[in-house]
Amino acid sequence: MMEEEELEFVEELEAVLQLTPEVQLAIEQVFPSQDPLDRADFNAVEYINTLFPTEQSLANIDEVVNKIRLKIRRLDDNIRTVVRGQTNVGQDGRQVKEITRDIKQLDHAKRHLTTSITTLNHLHMLAGGVDSLEAMTRRRQYGEVANLLQGVMNVLEHFHKYMGIPQIRQLSERVKAAQTELGQQILADFEEAFPSQGTKRPGGPSNVLRDACLVANILDPRIKQEIIKKFIKQHLSEYLVLFQENQDVAWLDKIDRRYAWIKRQLVDYEEKYGRMFPREWYMTERIAVEFCHVTRTELAKIMRTRAKEIEVKLLLFAIQRTTNFEGFLAKRFSGCTLTDGTLKKLESPPTSTNPFLEDEPAPEMEELATEKGDLDQPKKPKAPDNPFHGIVSKCFEPHLYVYIESQDKNLGELIDRFVADFKSQGPPKPNTDEGGAVLPSCADLFVYYKKCMVQCSQLSTGEPMIALTTIFQKYLREYAWKILSGNLPKTTTSSGGLTISSLLKEKEGSEVAKFTLEELCLICSILSTAEYCLATTQQLEEKLKEKVDVSLIERINLTGEMDTFSTVISSSIQLLVQDLDAACDPALTAMSKMQWQNVEHVGDQSPYVTSVILHIKQNVPIIRDNLASTRKYFTQFCIKFANSFIPKFITHLFKCKPISMVGAEQLLLDTHSLKMVLLDLPSIGSQVVRKAPASYTKIVVKGMTRAEMILKVVMAPHEPLVVFVDNYIKLLTDCNTETFQKILDMKGLKRSEQSSMLELLRQRLPAPPSGAEGSSSLSLMAPTPEQESSRIRKLEKLIKKRL
């Protein structure tokens with residue numbers, strides 16, 4: 001580096017000290033000289049060639065160098081003498097410039113001399129080094145060659161710009177020839193020590209070959225690659241013979257022997273040849289990696305030939321042993337050779353742990369079987385990537401259809417077992433303390449799903465995972481159909497139809513509901529199970545998308561299966577609503593058949609109300625307790641029942657005709673009682689009083705208030721007509737002629753009277769509600785006689801008393 005800087009400095013100085021021809025002529029006149037060093041066109045190479053015309057003349061190089069050094073000292077002395085002689089006081093600027101010019105010229109000559117000496121030294125080193133290199137190569141002194149070759153190559157770099165000189169070019173060609181000879185000689189030595197055929201030679205050549213490896217590091221990289229390739233090929237030649245395709249040990253059931261063989265070979269290599277190759281060659285890892293490539297090719301070939309003999313147990317056994325071996329390689333080696341240009345880099349492994357290396361922990365299994373969100377467990381620390389994952393086990397991927405078919409068969413048998421267990425053991429026992437029990441079979445199903453998913457993700461994250469997802473979808477639907485929907489109790493269409501007399505004789509506690517206690521509990525259990533399956537299927541979809549290749553994520557879609565479980569939930573709720581609704585039907589029928597025009601006084605609530613309340617108190621607490629773990633679906637049940645019962649009640653209410661004033665008062669009392677019961681329905685019979693959901697309360701208040709308003713309109717006198725119609729419009733926001741017609745029928749008015757009132761209603765309907773605000777203060781009691789006012793006050797007192 002210092003020599004290069006000096007040369008650059010000399011070149012810059014030469015550029016600065018370019019003298020004009022006049023000045024050069026003046027110098028030659030003042031200092032005439034025949035010395036080549038004083039020439040303006042001095043050429044160092046020509047000067048050296050003059051001094052040493054042949055290689056033999058280099059023998060007296062030291063003498064020439066000493067003479068030149070002596071001349072340099074004399075020049076330095078002359079320069080000092082000139083400088084001192086020219087430094088007189090009063091010397092003008094012209095004299096100073098002349099002296100400076102003289103000094104620069106002398107320094108120029110010195111630089112030429114220094115460059116010449118440096119080049120001569122390098123030339124001497126190169127010539128001697130080439131001779132020594134050739135001699136050592138012939139004597140196979142690889143240890144000395146390794147050090148000398150690197151030095152010769154470094155010196156030769158300084159002569160790149162002198163390659164036009166025949167002598168320099170000749171030396172360069174001799175160096176290249178020596179390198180080629182070394183490469184061929186080293187390869188021959190390795191071939192002799194480790195022949196392709198026959199046994200390996202022990203001992204002796206190892207020291208020579210160890211030094212030869214150091215030389216190979218300096219030579220063309222292809223020499224090193226050839227040495228590695230031949231040595232590994234010779235080292236694995238025995239393996240190819242022992243485990244030929246026609247050998248018994250080559251089949252999958254004895255795959256352990258392959259991995260045991262390579263482990264012994266690696267130990268043997270370390271003992272015999274561990275010090276022969278440089279550490280940075282990573283020969284142990286390269287042998288293991290090449291073994292993996294050969295094994296993967298051989299296994300793929302034999303499995304294609306004997307594909308019909310592959311069974312799922314044998315396949316999983318082979319994969320287990322192979323992944324164990326890949327794990328062993330990951331612990332032993334870094335995988336740095338996998339990124340070489342000659343080796344194919346394998347794709348990174350999945351992040352999850354290998355299910356073959358260790359079984360799923362038992363506590364986690366219990367969690368999966370008992371808790372919801374079994375697939376939503378806290379994530380474990382991410383395992384470090386295994387660079388050797390799939391280096392051998394990739395060969396099993398084309399045969400994973402055997403595994404998928406096996407899982408299809410196993411899941412089919414599992415579903416059949418669930419069906420048989422349900423038939424033999426019956427529905428789960430009612431347990432109101434803990435709410436409706438989730439069927440244990442669904443937890444077993446998802447535990448098995450998780451095991452399959454983790455296992456398959458270790459084998460492949462490509463198309464086999466998509467095939468497994470299809471199998472999962474198939475048996476999720478089968479579970480929903482065979483276990484859930486298939487076991488829902490069937491509704492009977494025949495209805496008892498109670499008469500008024502039988503309704504009046506009905507005793508408290510008698511069973512009217514179509515479903516038994518066990519059937520109600522079963523419906524709630526199936527509903528809870530479907531909800532569990534719905535939530536867990538969503539988590540299953542997320543986990544599958546995490547495991548599968550990014551390019552295949554869009555093909556993972558379990559929306560259809562989630563919709564199936566939603567349908568089961570809706571069907572279960574509908575069954576519960578229909579059951580309670582049907583139980584209340586006879587009471588409503590009895591209400592519509594009563595002779596309301598013959599009611600003489602307002603008493604306690606009617607028997608049909610007591611019957612409805614009885615059925616509600618029988619069913620709702622059972623349903624609530626069994627749906628304690630799925631509160632939102634109990635709320636849906638309440639809302640659906642209210643939406644079904646209230647319109648049906650109003651429909652039967654319209655059938656009560658004609659109605660007397662007292663009858664209307666009794667119906668109003670009954671309606672208010674039902675309204676209070678419905679408002680309390682979510683917590684009826686419960687020791688813990690919980691406020692009903694606002695959405696449910698709104699439905700009940702709106703529906704039952706409409707029933708009350710209908711009865712209030714019925715109770716109001718129909719004269720004067722305008723007041724009656726306006727009050728109808730005011731009390732019923734959804735007023736229309738059809739409802740008005742039904743109210744008039746309830747009042748028992750004749751068709752001739754109704755026509756004029758309907759016409760008046762049609763005229764009054766377009767009027768905005770605010771127009772009637774002035775008359776809205778007119779209550780129904782305002783135009784009534786004192787007797788009617790008294791009756792309504794008595795009714796209000798009776799209602800307050802009951803509350």
Side-chain angles (χ1 to χ4, degrees), residues 1-19 21 23-25 27-28 31-76 78-79 104-137 148-180:
M1 183 63 71
M2 293 295 294
E3 293 172 355
E4 292 177 357
E5 292 177 355
E6 289 178 1
L7 289 174
E8 290 176 0
F9 178 75
V10 169
E11 291 173 356
E12 292 175 0
L13 192 61
E14 287 177 349
V16 174
L17 297 180
Q18 289 295 332
L19 302 177
V23 174
Q24 190 67 39
L25 181 61
I27 291 174
E28 290 176 357
F31 302 105
S33 174
Q34 299 299 323
D35 194 334
L37 294 173
D38 292 335
R39 294 176 59 83
D41 57 346
F42 174 78
N43 188 304
V45 176
E46 292 180 359
Y47 184 70
I48 292 171
N49 289 336
T50 304
L51 293 176
F52 306 101
T54 64
E55 289 188 16
Q56 288 75 15
S57 61
L58 289 172
N60 60 346
I61 188 171
D62 293 336
E63 181 181 350
V64 175
V65 170
N66 290 334
K67 288 181 180 180
I68 293 176
R69 286 175 178 168
L70 178 62
K71 186 176 288 190
I72 290 172
R73 284 198 296 271
R74 288 176 179 174
L75 281 172
D76 287 337
N78 291 337
I79 290 171
K104 288 180 179 180
Q105 188 69 26
L106 292 171
D107 192 56
H108 185 58
K110 179 181 177 182
R111 295 293 180 189
H112 283 318
L113 286 172
T114 303
T115 304
S116 300
I117 292 171
T118 301
T119 307
L120 282 172
N121 283 332
H122 286 163
L123 183 61
H124 177 61
M125 292 169 58
L126 180 62
V130 172
D131 292 338
S132 301
L133 182 64
E134 292 173 343
M136 291 176 183
T137 300
L148 180 60
L149 179 60
Q150 188 64 56
V152 169
M153 293 174 66
N154 291 339
V155 172
L156 189 60
E157 290 179 2
H158 294 286
F159 289 92
H160 281 321
K161 58 184 177 181
Y162 302 131
M163 285 299 169
I165 302 171
Q167 291 85 349
I168 302 297
R169 186 168 59 252
Q170 184 181 3
L171 286 173
S172 175
E173 291 172 354
R174 287 174 62 191
V175 171
K176 291 180 180 178
Q179 287 177 304
T180 303

* Who are the side chain to side chain contact (heavy atoms under 4.5 Å, CB included) partners of Thr54, not counting sequence neighbours? ->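 Checked Thr54 against side chain to side chain contact (heavy atoms under 4.5 Å, CB included); matches are Gln56, Ser57.
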
* To do: Output all residues satisfying side chain to side chain contact (heavy atoms under 4.5 Å, CB included) with Asn60, sequence neighbours left out; order by chain, then residue number.
  =>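 Checked Asn60 against side chain to side chain contact (heavy atoms under 4.5 Å, CB included); matches are Phe52, Glu63.
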
Rounded to the nearest 0.5 Å, how far apart are [atom1] of [X] and [atom2] of [Y]?
| X | Y | atom1 | atom2 | answer |
| --- | --- | --- | --- | --- |
| Ile68 | Leu75 | CD1 | CG | 11.5 Å |
| Thr50 | Glu46 | OG1 | CD | 7.0 Å |
| Asp76 | Lys71 | CG | NZ | 13.5 Å |

